[in-house]
Protein chains: 2
Amino acid sequence: MASDDPPVPVFPKPVTLRDVAARAGVSVATASKALNDQGRMTAETRERIRETARSLGFRPNSLAQSLLRRRSFTVGLLTNDTYGRFSLPLMSGISDALVDAGVSVFLCNVEEDPRLGQLHVEAMLDKRVDGIIATGKRIDRHLPVDLANLRVPVIYAFTQPDPDAVAFVSDDGDGARLAIEHFCRLGRKRIAHVSGPASFAVVHERAQAYRAVLTENGLPVIEPLLGSWSEAWGHEAVARLFDGGGKKPDAVFCGNDQIARGVIDALRERGLGVPNDVGVIGFDNWEIVAEATRPPLTSVDMNLAGLGREAGLTLLSLFGGKPATPGIRKLPCRLVVRQSCGRLPDGEKDG
Amino acid sequence: MASDDPPVPVFPKPVTLRDVAARAGVSVATASKALNDQGRMTAETRERIRETARSLGFRPNSLAQSLLRRRSFTVGLLTNDTYGRFSLPLMSGISDALVDAGVSVFLCNVEEDPRLGQLHVEAMLDKRVDGIIATGKRIDRHLPVDLANLRVPVIYAFTQPDPDAVAFVSDDGDGARLAIEHFCRLGRKRIAHVSGPASFAVVHERAQAYRAVLTENGLPVIEPLLGSWSEAWGHEAVARLFDGGGKKPDAVFCGNDQIARGVIDALRERGLGVPNDVGVIGFDNWEIVAEATRPPLTSVDMNLAGLGREAGLTLLSLFGGKPATPGIRKLPCRLVVRQSCGRLPDGEKDG
DNA sequence: CTTAGTTGGGAAAAGGTTTTCCCTTACCGG
DNA sequence: CCGGTAAGGGAAAACCTTTTCCCAACTAAG
């Protein structure tokens, strides 16, 4: 029997500072100081210890370091975004900001389950994370966890923050403004807006910017069509906008890329060309969708990675002792121009 | 000026075992034993200590515990799947398997950058992770990191493993078999297969299963059409299959959901009804796509969460000292039936 | 030759928990 | 009243690193 068992791999005992010190013939104190550029000793001793450490493959045990410094160099990222559509780009930004400081990220998906949330938050606190970042899949809903009065700083990114917390969200009004102004520059005159359910705060924020920019430009405001975030709604919205009598829009600003996809398809079914007859702009810049539409979709990018970076950097400066002003900071969007809007007369790219 | 500065939040000092012991009037040793159900003492003493700990909100410092036990109760998850399309469902499964054991997960996205990979692996090892799980976005490519001869066990899930490693992947042949057998049960006679690039191993694995099942059922094999993973390729494949002369297929098995989406749209453009004229099955069961097609797409699900669960459980048993047999374990897929294949004559649901 | 100062390096405590041993007290039988 | 045993609890080491002090030896100045 025993011979059938797979060989149990034996992992080498990690080499400790004590090993290095013994091998170099010094005390652990001296060894520590040599490796950390502290204390006084001959350059020769220092170099000898370093060389010993290198040859032994010594890596300091960060658990011991953390215990002493009362900092674990870890942070927790809490999300309820199962598919990672929003949280992974965010995570990339966070990680990018933190990796150079030697900080690692625990990722926890709490779904919509308060018990699971509680469990993960406690696990994080037990692991002595230095801070927590909360994120989600929409800006106007809380995660199903209570993050008030924790023993560590909490930062919110792309989710509804607690009052008096530090938070970063995308500036959806800015995003809408970018889109509509783009249409205006291209000379579009009748610009419609097809968006998601009225229950989403961003729907109103974008609609408001939509109205404002049109008014500023002396263009007619078509009352925004609110529905769902789906392709199917894009189809239906086109039916409402184009199948009745009256003047037809020559541009549609959509609440997300899936709606835009539906809009583009529905326009084609009606024999309307994109971008020639109608320009279309989406929101989210979900590449997998935006690059699959025909033509590829110009879309508003919320710069989630940038949001993550800011959140990470803020946490770092908090660790460094600099206090951060509470409040919600809105970060600008950017427009990713593809081919669904047509070109400027002067031949600017896409335009 | 100082009055303009935001208030720097002061976090309460964590309560230690020493605090509990002092408050309960016992030694730290006794306190520890009381809380861990160890040692001998009167039930009364034990309960008093516990009550004290509760009232003080004591949570053991897991850094100190880890240092002593030489186990950090953390694992690292390495991925190069930027958008989390595959790694987040996997992560959910892993987390699910580990959370009850008190194990948390560091997530690291290494993109395709070997330097970044090296950096993150070293950070994980320094943090004393108990194990590492490697995952990716395709089964036949290595991550850009060297995971051989690490000081901790490594498990591969949904990525190309090193030789002699423990690995879990989806059984793509099984997935293809499920799809084709489903078509056969529904009485489809001419079943085509539209797949991705020949450079992907799974493309051949699925094609082989496709041929095998057709042969078993005495049905004609149409040479699989290999192209790209895109919607556009779905359109083109339909053109090739349906625009020439000869017999037309009555079913198409697609290599992913995006191809299937293209196929369904292209069929509709030709006036062919899905599922009545042609049945369509996709692969990946990416809900956001599969539920947006008209009609909703029947698709093969690779059960990534299950894969993650297995990987997590294996790691746990490894921690428990039970060796795991090296080798690649293929986990079965399952077919998620929606409305793109039609119903059985006897009225079974959809398919 | 003494004294002050400098240089190179070590001892020990700290961080918070677990665990192994050991000690004290109480109790029981004789 | 004495010896033995078990029960209840504590002291201390261990995990690994960092940092503060301290000591010994040497140099230079007086």
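Computation of the quantities below employed the complete heavy-atom set of this structure, encompassing side-chain atoms and omitting hydrogens, waters and symmetry-equivalent molecules. Being a predicted model, the structure only gives us computed values, none of them experimental. Order of the sequence lines fixes the chain letters, A, B, ..., with proteins taken first and strands second; residue numbering starts at 1 for each chain.
A heavy-atom distance below 4.5 Å is not found between the side chains of R309(A) and I94(A). When side chains are defined from C-beta on, F73(B) does not count as touching S62(B), because their heavy atoms never get closer than 4.5 Å. Side-chain contact between D37(B) and R50(B) is present, with at least one heavy-atom pair separated by less than 4.5 Å. Looking at heavy atoms from C-beta onward, T325(B) lies out of side-chain contact with V166(B) at the 4.5 angstrom threshold.
In the set dA11(C), dT17(D), dC15(D), the nucleotide with an atom closest to the side chain of R70(B) is dC15(D).
Each of G25(B) and L67(B) was assigned the nucleotide of DNA chain D with the nearest heavy atom; the assignment lying further toward the 5' end belongs to G25(B). Looking at which nucleotide of DNA chain C each of A64(B) and V26(A) is closest to, the 5′-most match is held by V26(A).
Rounded to whole Å, atom P of dT17(C) lies 12 Å from atom CZ of R59(B). Following rounding to the nearest Å, L35(A) (CG) and dC16(D) (P) show an atom-to-atom distance of 16 Å. Rounded to whole angstrom, the span from the CZ atom of F73(A) across to the C1' atom of dT18(D) amounts to 13 Å. At whole-Å resolution of the value, CZ in R18(A) and P in dC15(D) are 6 Å apart. Atom CD1 of I49(A) and atom P of dG9(C) are 8 Å apart (whole Å). Nucleotide dC16(D) holds its C1' atom 19 Å from the CZ atom of R71(B), rounded to whole Å. If you take CG of L63(B) and P of dT18(C), they are 13 Å apart, rounded to a whole angstrom. Across the protein-nucleic acid pair, N61(B) atom CG and dA14(C) atom P stand 17 Å apart, rounded to whole Å.
One finds a side-chain N or O of Q65(B) lying less than 4.0 angstrom from the OP1 or OP2 phosphate oxygen of dT18(C).
Taking a 6.0 Å sphere around CZ of R329(A), one finds it holds more than 12 heavy atoms contributed by other residues, nucleotides or ligands.
Using modelled atom types, one side-chain atom of D19(A) and one backbone atom of T16(A) make a donor-acceptor pair closer than 3.5 Å.
Just one residue in the list I49(B), V20(B), T52(B) forms a side chain to side chain contact (heavy atoms under 4.5 Å, CB included) with F58(B), and that residue is V20(B).
Salt-bridge annotation for E51(B) and R54(B): present, with a side-chain N of the basic residue lying under 4.0 Å from a carboxylate O of the acidic one. Between R141(A) and E112(A), no side-chain nitrogen of the basic residue sits less than 4.0 Å from a carboxylate oxygen of the acidic one, so the salt-bridge criterion is not met. Ion pairing between a basic and an acidic side chain is recognised when a charged N comes within 4.0 Å of a carboxylate O; D130(A) and R69(A) show no such pairing.
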Show the distances under 3.5 angstrom between N or O atoms of the protein and N or O atoms of nucleotides 19-21 of chain C.
none

Between the protein and nucleotides 4-8 of chain C, which nitrogen or oxygen pairs come in under 3.5 angstrom?
residue: dG8(C); atom: N7; partner: R40(A); partner atom: NH2; Å: 3.4
residue: dG8(C); atom: O6; partner: R40(A); partner atom: NH2; Å: 3.2

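Direction of the helix axis in the helix from dC1(C)-dG30(D) to dG30(C)-dC1(D) shifts by 70° between the two five-pair termini, rounded to 10°.
Using a 3.5 Å distance cut-off with no hydrogens or angles, the side chains of S92(B) and S95(B) do not pair a donor with an acceptor.
Annotation: Y156(B) is not in aromatic contact with F168(B) [ring centroid separation under 6.0 Å not met].
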